[in-house]
Protein chains: 2
Amino acid sequence: MQLDEAKDKFIQAWGALGSQWGINRTMAQVHALLLVSPESMSAEEIMSALNISRGNANMNLRALIDWGLVSKEHKAGERREYFFAEKDIWAVAQQVILERRKRELKPVLRVLEDVKAVEGDPESAEVVAFLASIENLHNIVGQADRFLEVVVKSDRNWFFDTLFKIVNRNA
Amino acid sequence: MQLDEAKDKFIQAWGALGSQWGINRTMAQVHALLLVSPESMSAEEIMSALNISRGNANMNLRALIDWGLVSKEHKAGERREYFFAEKDIWAVAQQVILERRKRELKPVLRVLEDVKAVEGDPESAEVVAFLASIENLHNIVGQADRFLEVVVKSDRNWFFDTLFKIVNRNA
DNA sequence: GGCTGTATTCAAAAGTAACTGAAAGTTCCG
DNA sequence: CGGAACTTTCAGTTACTTTTGAATACAGCC
């Protein structure tokens, strides 16, 4: 496999993964492209590598910057901006977890807490079933949230050691 | 808050969460509806509760059955089918992880392995940068995959104890 | 077999999300 | 200040996804 072919295969796969997880496919592709590029790239270069328009490139680069996954730099004597991705994948994972926890997990936890305040006969089958499911869900989502908080805050070595032990203890 | 209001709030939130994670919004809503329903429901009941067409209800119920989250039953003397969700949220979480690992994580791991076979000067900055990122990614995604495999196979009590210890050790 | 009540399918329509490209905005330099 | 080089915005378009509903298939009963 040639390098260009391998890059393209990776970019397509990363785009597909992103879109299956609710991330704009092009945004994931731009991220993939920058992840495997040794140099920072200009908007022009990204546009032609992925065959996308200027507006599209700009929007998705801004979104990636917003997620904390990509930064801009200026090269001496050049006016145009160059973009590069955080290459440390552990840091990338932490950042993605941080954002998704904030954007998606927190709001749903909030709703799970709110709906516990349902009125009505606490003996009725309807209310009992509702509260039972909501409470179970709240426990599990809450536990997952606390675990992910640890992931986001923890040192990579400590975390990987711990994970490794869990995986092997159970093997 | 009245029960109907709370149910609706939960169904909307669950639908929104699903759609942010690449799950059809209606499928997540049907799942939410069945999760908090004390009795199994017919297609008619689901259609009217969510204001969706028969075709839509049928398709999403089948998808939920396919994911292993919902089952059918027949009531004595009735011709129509009734649907109910797995209420054990730990089992639901395991099932969702199982499916997403199979559908999405495995294919991307496969690609990460494949593209390591890139040809070309292993000294060139392009190839070096490409392989470095791919290998880091492969390590992290692989570790996550092995961890999730443990989650899927493990006993809920053991798992929650372990998670609890991790969360508190790091607090 | 034929009839009835239900489930399933799928082509067309509606709805949603993403993309384009050109116009407006910004920055920097002489 | 004027204008070149670039970035940002956004209305209109395109492409994709979801939904509908009517046709079809099926299962059970008489």
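Computed over heavy atoms, backbone and side chain alike; hydrogens, waters and symmetry mates excluded. Naming: A, B, ... by sequence-line order, numbering from 1 per chain. Note that this is a predicted model, so its numbers are computed, not measured.
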Backbone of L33(B) reached by a side-chain donor or acceptor of S37(B) within 3.5 Å
no

So, the side chain of Q94(A) versus the backbone of V151(A): is there a donor-acceptor pair under 3.5 Å, distance only?
yes

May I ask you to verify if any side-chain N or O of [X] is less than 4.0 angstrom from the OP1 or OP2 atom of [N]?
| X | N | answer |
| --- | --- | --- |
| N56(B) | dT20(D) | yes |
| K72(A) | dT8(D) | yes |
| T26(A) | dC19(C) | yes |
| R80(A) | dT27(C) | no |
| R25(A) | dC19(C) | no |

Grab the [atom1]-[atom2] distance between [X] and [N] for me, whole Å please.
| X | N | atom1 | atom2 | value |
| --- | --- | --- | --- | --- |
| I52(B) | dA7(C) | CD1 | P | 13 Å |
| F83(B) | dT6(C) | CZ | C1' | 11 Å |
| M47(A) | dG21(C) | CE | C1' | 10 Å |
| N60(B) | dT9(C) | CG | P | 13 Å |
| K75(A) | dC28(C) | NZ | P | 18 Å |
| H74(B) | dA27(D) | NE2 | P | 10 Å |
| E78(A) | dC28(C) | CD | C1' | 14 Å |
| N58(A) | dA22(C) | CG | P | 16 Å |

When I23(A) and R79(A) are each assigned the nearest nucleotide of DNA chain C, the 5'-most assignment goes to I23(A)

For the side chain of [X], starting at C-beta, report the closest nucleotide among [options].
| X | options | answer |
| --- | --- | --- |
| M59(B) | dC10(C), dT8(D), dA7(C) | dC10(C) |
| N24(A) | dA7(C), dA18(C), dT19(D) | dA18(C) |
| E81(B) | dC19(C), dT8(C), dT19(D) | dT8(C) |

In terms of ring plane angle, is the pair W14(A) and H31(A) parallel, tilted or perpendicular, where the classes change at 30° and 60°?
tilted

Salt bridge check: are R110(A) and D114(A) linked by an N-O gap of less than 4.0 Å?
yes

Measuring only between side-chain heavy atoms, which start at C-beta, is D88(B) closer than 4.5 Å to R156(B)?
yes

